[in-house]
Trainee: 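Sharing a structure with you now.
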Number of protein chains: 2
Amino acid sequence: MGRPREHDTVTRDRLLAAAARLSADEGWEAVSVRRVADEAGTTTRAVYSLFGSKQGLEEALHEAMFERLGELMAETPRSDDPRGDLLAMRHAYRRWATERPERYAALMRFTGPRAAPRSPAGLALARSATAELREAIARCAEAGQLAERDIDALTVQWRAVAHGLAEFENHGLLEDGDLAWRRVLAALFDGYAAQAH
Amino acid sequence: MGRPREHDTVTRDRLLAAAARLSADEGWEAVSVRRVADEAGTTTRAVYSLFGSKQGLEEALHEAMFERLGELMAETPRSDDPRGDLLAMRHAYRRWATERPERYAALMRFTGPRAAPRSPAGLALARSATAELREAIARCAEAGQLAERDIDALTVQWRAVAHGLAEFENHGLLEDGDLAWRRVLAALFDGYAAQAH
DNA sequence: AGGGTATCGCAACGCCGTTATGGTACGGTG
DNA sequence: CACCGTACCATAACGGCGTTGCGATACCCT
């Protein structure tokens, strides 16, 4: 039946690597299909054969980002102290957002009403990455340490707060990043706990 | 000594209005110098005479945004309850961020290490807009309702949290926006207050 | 061994931001 | 009032962008 798609992924990987490096070094606005193709030693046509469009290439980069978040989330230890676990998760999110600031900022532009429809694989990755966070929050709630009953709402709120901290840190607005993350998330948790009884 | 710069601002205003409308209706990526000039009934050269570049035009839009934030902040009432005042300020920030989502998101891209140097006027506007927030936090601290002594750090943290909520709401990730803003900022404040003694 | 398809080089299209050139309209000065 | 210097902006062009039609090639599957 002809040549299968997964003959070899060397060109695909080189295009991805070139795009990631250009994006990290000079920002996404410096990433053009021509430059990516040149750096990968091929032509623009390869991008359109392999990814469909420049946006397709960017989505592939985003999927790699979500995989990385899953890795970092899985690395955080799980103890019998749900409050400590929830607070510890900030390290995973913070590291994820700050180790590739350019890519992190680009992720948000793809989410929302005017955004392009995300691929099913990307959606599944994003969902599974937040599953562990949701579980940690649920364990806190079961331990009676949270006033709020809506676990999904709490998960989204945690993510929103972390996102704000991440963007501020990436933009150099946080004087002491580690301290700000600790203080804000601890205060948020303590505030929810204070309403519990 | 010849024709002064402020002869009339009609072309300038029309360009600004066209750019704002295009950005709101179809997103900033749909805003091209040609389209803006066409909609304003002039040519691209006018943009470069009046604003220097497309980025200059965007900065003018940002200055209008900061003016609007100042307006909204000034509208929030000031009572003798510092906690209530601080919580009430969320309405100003929330309205500001959500009434022009496209422009709000663009603002962040201009702030940061790789961003273009902002105009002095824009900087002053941004600074004065946060002054009232800082003052409200200082009054809370004076009333002994906050554990933290570093008012500037608290101001930045408040802004970071508000920013995260704003972006999540603009991207349709908050099921009940009003509730999330209230819950998160109240919990944050309560958490800080709980550490006070 | 051969057919069929995924891959990708080449050249082109229409759009973009930007600018060199020049014409025009207007406020200030004599 | 004449006129001059300057701000404003119309025209046309340049290089770069994302994208695509066409053709050649390399490779898996039967």
Side-chain angles (χ1 to χ4, degrees), chain A residues 1-23 25-62 102 106 109-110 114-117 119, chain B residues 1-23 25-62 102 106 109-110 114-117 119:
Chain A
M1 300 279 278
R3 188 180 187 169
R5 175 160 302 166
E6 277 71 32
H7 152 55
D8 60 7
T9 56
V10 49
T11 306
R12 183 178 210 274
D13 291 345
R14 286 216 296 218
L15 287 169
L16 244 24
R21 190 164 35 76
L22 273 174
S23 173
D25 291 351
E26 309 179 37
W28 180 253
E29 72 277 2
V31 177
S32 74
V33 178
R34 282 167 227 264
R35 282 194 67 182
V36 169
D38 281 353
E39 301 237 359
T42 180
T43 65
T44 64
R45 206 67 189 82
V47 172
Y48 291 90
S49 292
L50 295 174
F51 298 99
S53 66
K54 184 185 185 182
Q55 185 173 284
L57 185 145
E58 193 174 8
E59 277 187 55
L61 250 35
H62 291 163
E102 203 69 37
R109 286 173 232 153
F110 263 68
R114 218 190 309 264
S119 72
Chain B
M1 299 286 275
R3 189 179 187 171
R5 175 161 301 166
E6 275 71 32
H7 154 57
D8 61 7
T9 56
V10 50
T11 307
R12 187 188 153 90
D13 291 346
R14 287 217 295 218
L15 286 169
L16 244 24
R21 190 163 37 76
L22 272 174
S23 173
D25 291 352
E26 308 179 37
W28 180 253
E29 71 277 2
V31 177
S32 74
V33 179
R34 281 167 228 265
R35 281 194 68 182
V36 169
D38 281 353
E39 300 238 359
T42 178
T43 67
T44 65
R45 203 66 192 80
V47 172
Y48 291 90
S49 292
L50 296 173
F51 298 99
S53 66
K54 185 186 185 182
Q55 186 173 284
L57 186 144
E58 193 174 8
E59 278 187 53
L61 251 34
H62 291 163
E102 205 69 36
R109 285 173 233 154
F110 263 67
R114 219 192 306 267
S119 72

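No experiment lies behind these values; they were computed from the predicted model shown. Lettering of chains follows the sequences in order, A, B, ..., and the numbering in each one begins at 1.
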Trainee: Atom CG of A:L22 and atom C1' of D:dC17: how far apart are they, to the nearest Å?
Mentor: 15 Å
Trainee: Using a 3.5 Å cut-off and no angle test, enumerate the donor-acceptor pairs between side-chain atoms of residues 31-40 of chain A and protein atoms at least two apart in sequence or in another chain.
Mentor:
residue, atom, partner, partner atom, Å
A:S32, OG, A:R35, N, 3.1
A:R35, NH1, A:E26, OE1, 3.2
A:R35, NH2, A:E26, OE2, 3.1
A:E39, OE1, A:R21, NH1, 3.1
A:E39, OE1, A:R21, NH2, 2.9

Trainee: Rounded off to whole Å, could you give me the CG-to-C1' distance for the A:D38 and D:dC17 pair?
Mentor: 13 Å
Trainee: Rounding to an integer number of Å, can you tell me how far A:D13 CG sits from C:dT7 P?
Mentor: 13 Å
Trainee: Measuring from the side chain of B:S49 (C-beta onward, heavy atoms only), which nucleotide among D:dG18, D:dC9, C:dC8 has the closest atom?
Mentor: D:dC9
Trainee: Establish, with yes or no, whether the OP1 or OP2 oxygen of D:dT19 is under 4.0 angstrom from a side-chain nitrogen or oxygen of A:Y48.
Mentor: yes
Trainee: Minimum heavy-atom separation for A:F110 and A:E58, please, with both atom names.
Mentor: CE1-OE1, 3.3 Å
Trainee: Classify the nucleic acid contact of A:V31 as base, sugar-phosphate or nothing, counting any heavy atom under 4.0 Å across all strands shown.
Mentor: sugar-phosphate
Trainee: Which sits closer to the 5' end of DNA chain D, A:G52 or A:A30, going by the nucleotide each is nearest to?
Mentor: A:A30
Trainee: With B:L50, which of B:T42, B:L57, B:T11 fulfils side-chain contact (heavy atoms from CB on, under 4.5 Å)?
Mentor: B:T11
Trainee: Using a 3.5 Å distance criterion without hydrogens, assess whether the side chain of A:S23 forms a donor-acceptor pair with backbone atoms of A:A19.
Mentor: no
Trainee: If I take atom CZ in residue A:R12 and atom C1' in nucleotide C:dA6, what distance separates them, rounded to the nearest angstrom?
Mentor: 14 Å
Trainee: Kindly give the heavy-atom pair with the smallest separation between A:S53 and A:V47, and that separation in Å.
Mentor: O-CG1, 4.2 Å
Trainee: For B:A60 and B:F51, which heavy atoms make the closest approach, and how far apart are they?
Mentor: CB-CE2, 3.8 Å
Trainee: Could you state the CZ-P distance from A:R14 to C:dT7, rounded to the nearest angstrom?
Mentor: 15 Å
Trainee: Please give, in whole Å, the distance from C:dC16 P to B:L57 CG?
Mentor: 15 Å
Trainee: State whether the side chain of A:T9 and the backbone N or O of A:R12 hold a donor-acceptor pair below 3.5 Å, judged by distance alone.
Mentor: no
Trainee: Measure from CD on B:E29 to C1' on D:dC17 and round the result to the nearest Å.
Mentor: 15 Å
Trainee: Please state how far atom CD in B:Q55 lies from atom C1' in C:dC16, giving the value in whole angstrom units.
Mentor: 16 Å
Trainee: For nucleotides 9-13 of chain C, print each protein N/O atom paired with a nucleotide N/O atom at under 3.5 Å, atom names and distance only.
Mentor:
residue, atom, partner, partner atom, Å
C:dG9, OP1, A:T42, OG1, 3.3
C:dG9, OP2, A:T42, OG1, 2.5
C:dG9, OP2, A:T43, N, 2.3
C:dG9, OP2, A:T43, OG1, 2.5

